[in-house]
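Lettering of chains follows the sequences in order, A, B, ..., and the numbering in each one begins at 1.
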Amino acid sequence: MERLLIKDVLSDKFIGKQVIVCGWIRTKRESKDFAFLIISDGSTQDTLQVVIPHEANCSEQIQKCNTGASVKIKGFLRESPAKGQRYEVEAQEIEVIGESDPAKYPLQKKGHTLEFLREISHLRPRTNTFGAIFRIRNVLANAVHNFFQDRGFLWVHTPIITSSDCEGAGELFSVTTFDFKNIPRKDDVVDFSQDFFGKPAYLTVSGQLEAEFLALSLGNVYTFGPTFRAENSNTTRHLSEFWMIEPEMAFADLKDDMKMAEDFLRYLFKEVTLKCEKELLFLQNQYKRISPDEISKLSDIAFTHITYTEAINELKKSKENFQFPVDWGNDLQSEHERYITDKVIGGPVIVTDYPKDIKAFYMRLNDDEKTVAAMDVLVPKVGEIIGGSQREERLEILEERMRKTGISIDNLQWYLDLRRFGSVPHAGFGLGFERLVQYITGMINIRDVIPCPRTPGEIGF
RNA sequence: UCCCGGGUAGCUCAGUCGGCAGAGCAGGUGGCUGUUAACCACCCUGUCGGGGGUUCGAGUCCCUCCCCGGGAGCCA
């Protein structure tokens, strides 16, 4: 007889049938005539109640059925006579597969703080909260691929180790095989010609530049992979290792880019409300941050669009006492973004056409020559989850921008080649996957939406 | 990196004016009950983050370092 997943077994079609279910024990309640186990197997938000009548004769096994132990249960599924659950399994046989010392097992049958659970990252997926988060994360990751695959985008694999440190997207992690006790030097500086690649190498901060050349031959592409930033950021929305999705489209301008970003987010919101109803409901009840209804509404509405200049005017009009000055030319601070999303718009908003001086060199210069064709998608509570732009496809203008911003032209000749040979308007964006998961799950800290968070000073698991 | 707030039992926390180290939960034992973060009784649990100082006496006051959380910057 095959084992069934809890998500499958909790159904009318198994009532009265003999089933085998495996899982981990959440709680045990014993009485003279019965013992009750609650078990979970990760397949669903629901737990399964197992009733062990005294006559099942497995008191030795019940003794070992402590919180955290893994068990195999053979019994009959039936409707539960008591309140609290619709189905339950009346056990005939119990096998404790792996015991768990209740005095030492860190998870108790009571609530734990998220901070404490972060210290036991290897066990926290067994909790309701993290089970929900990681199932949602899975559904979203799958939906990302489905969205792009349905639209003919190619999933491309851009390098994780790169030599370009020129994007200015933050501090880089070095990749080297040097023996730190004996680093080769020449004229007192590190001699990278003796290193593995013959020159300095880094972990990627973005696959965008490579995605651009793939788009300018394959049409529409996207990346979905890990990204690394060595910034000393200690916040609830930064990770040193995170996953990013970067679509890149040939023959597309900023309007196309925004439309794609909006359609994309709406699709993801829709998928998650369709496939993770129980998970979203659980998180809503537990943390009161965002409801399935709110997410569902987001999947229907058009996002508000506002230019950077309009946003500045809104901020200037407001009576809010901002800590940072509101001036055209300054970047929007967190408090400004929050005011726009929470107070002015009351939902996600796309801010476009930022001053060129606060944006990256590759963004396309607008006709006003003061702003670039950039767009950020801001959402309430989390802030920026998407940053994108139309790319500068005009060789001379790009070269000049690189010179002015101090980007090495020599190292990026291949990037300029794309403008020399059959250049076309193209655009793309980057979505921080964890920020998306964070927004949808309502988790306050981004460290709680990835199994093994990496942040400055933290690499425990 | 900067600014706040913390660090006391396995977990969550209280600890007054500087004067014997506490509670709830968890765990153990027994009881009871179709139980359900079960309930009742009893029992067990301490490097008070580390180091230094003041004092007759420090969880408490001072200095210092470490760690955690929140906010800011950087960004996705």
Distance-only criterion, 3.5 Å: show the donor-acceptor pairs between side-chain atoms of residues 375-385 of chain A and protein atoms not counting sequence neighbours.
from: A:D376; atom 1: OD2; to: A:Y354; atom 2: OH; distance (Å): 3.3
from: A:D376; atom 1: OD2; to: A:K359; atom 2: NZ; distance (Å): 3.2
from: A:K381; atom 1: NZ; to: A:R289; atom 2: O; distance (Å): 2.9

Side-chain donor or acceptor of [X] under 3.5 Å from a matching atom on the base of [N]?
X      : N      : value
A:Q85  : B:rU35 : yes
A:E88  : B:rG34 : yes
A:H112 : B:rC11 : no
A:R435 : B:rC75 : yes
A:Q49  : B:rU35 : yes
A:S233 : B:rC74 : yes

**Item:** Opposite nucleotide pairing with B:rC25, Watson-Crick or G-U, both atom distances under 3.5 Å
**Value:**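 B:rC25 is paired with B:rG10.
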**Complete:** Scanning all shown strands, the Watson-Crick or wobble mate of B:rU60 with both distances under 3.5 Å is none
Between [N] and [M], how far is it from one [atom1] atom to the other, in whole Å?
N      : M      : atom1 : result
B:rC4  : B:rA9  : C1'   : 29 Å
B:rU45 : B:rG24 : P     : 16 Å
B:rG30 : B:rU47 : P     : 29 Å
B:rG28 : B:rC44 : C1'   : 7 Å
B:rC39 : B:rC25 : C1'   : 14 Å

**Within residues 113-123 of chain A: residues closer than 4.0 Å to RNA chain B (heavy atoms)** = A:T113, A:E115, A:F116, A:R118
**Asked** Which sits closer to the 5' end of RNA chain B, A:S240 or A:S334, going by the nucleotide each is nearest to?
**Response** A:S334
**Request:** Could you work out which one of B:rG73, B:rG70, B:rU1 sits closest to the side chain of A:T235?
**Result:**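 Between B:rG73, B:rG70, B:rU1, the one nearest the side chain of A:T235 would be B:rG73.
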**Item:** Selected nucleotide, minimal atom distance to A:T27 side chain, candidates B:rC75, B:rA38, B:rA76
**Value:**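 Out of B:rC75, B:rA38, B:rA76, the nucleotide with an atom closest to A:T27's side chain is B:rA38.
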Heteroatom pairs (N/O) under 3.5 angstrom, protein to nucleotides 26-30 of chain B:
from: B:rA26; atom 1: O4'; to: A:Q108; atom 2: OE1; distance (Å): 3.4

**Asked** Got a salt bridge between A:R266 and A:D263, using NZ or NE/NH1/NH2 to carboxylate O under 4.0 Å?
**Response**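 So A:R266 pairs with A:D263 through a salt bridge.
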**Asked** Does A:Y439 have A:R435 sitting over its ring (NZ/CZ under 6.0 Å from centre, angle to axis within 45°)?
**Response**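 Judged by the rule, A:R435 and A:Y439 form no cation-pi pair.
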**Prompt:** Where is the tightest heavy-atom contact between A:M363 and A:G388, given as atom of each residue plus distance?
**Reply:**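 That closest heavy-atom pairing would be CE-O, 4.3 Å.
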**Prompt:** Contact class for A:L239 vs. all strands (heavy atom < 4.0 Å): base, sugar-phosphate, or nothing?
**Reply:**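 It contacts base atoms.
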**Message:** With ring pair (Phe, Tyr, Trp, His ring centres under 6.0 Å) as the test, pick out the partner of A:F148 among A:F264, A:W155, A:Y267.
**Reply:** A:F264
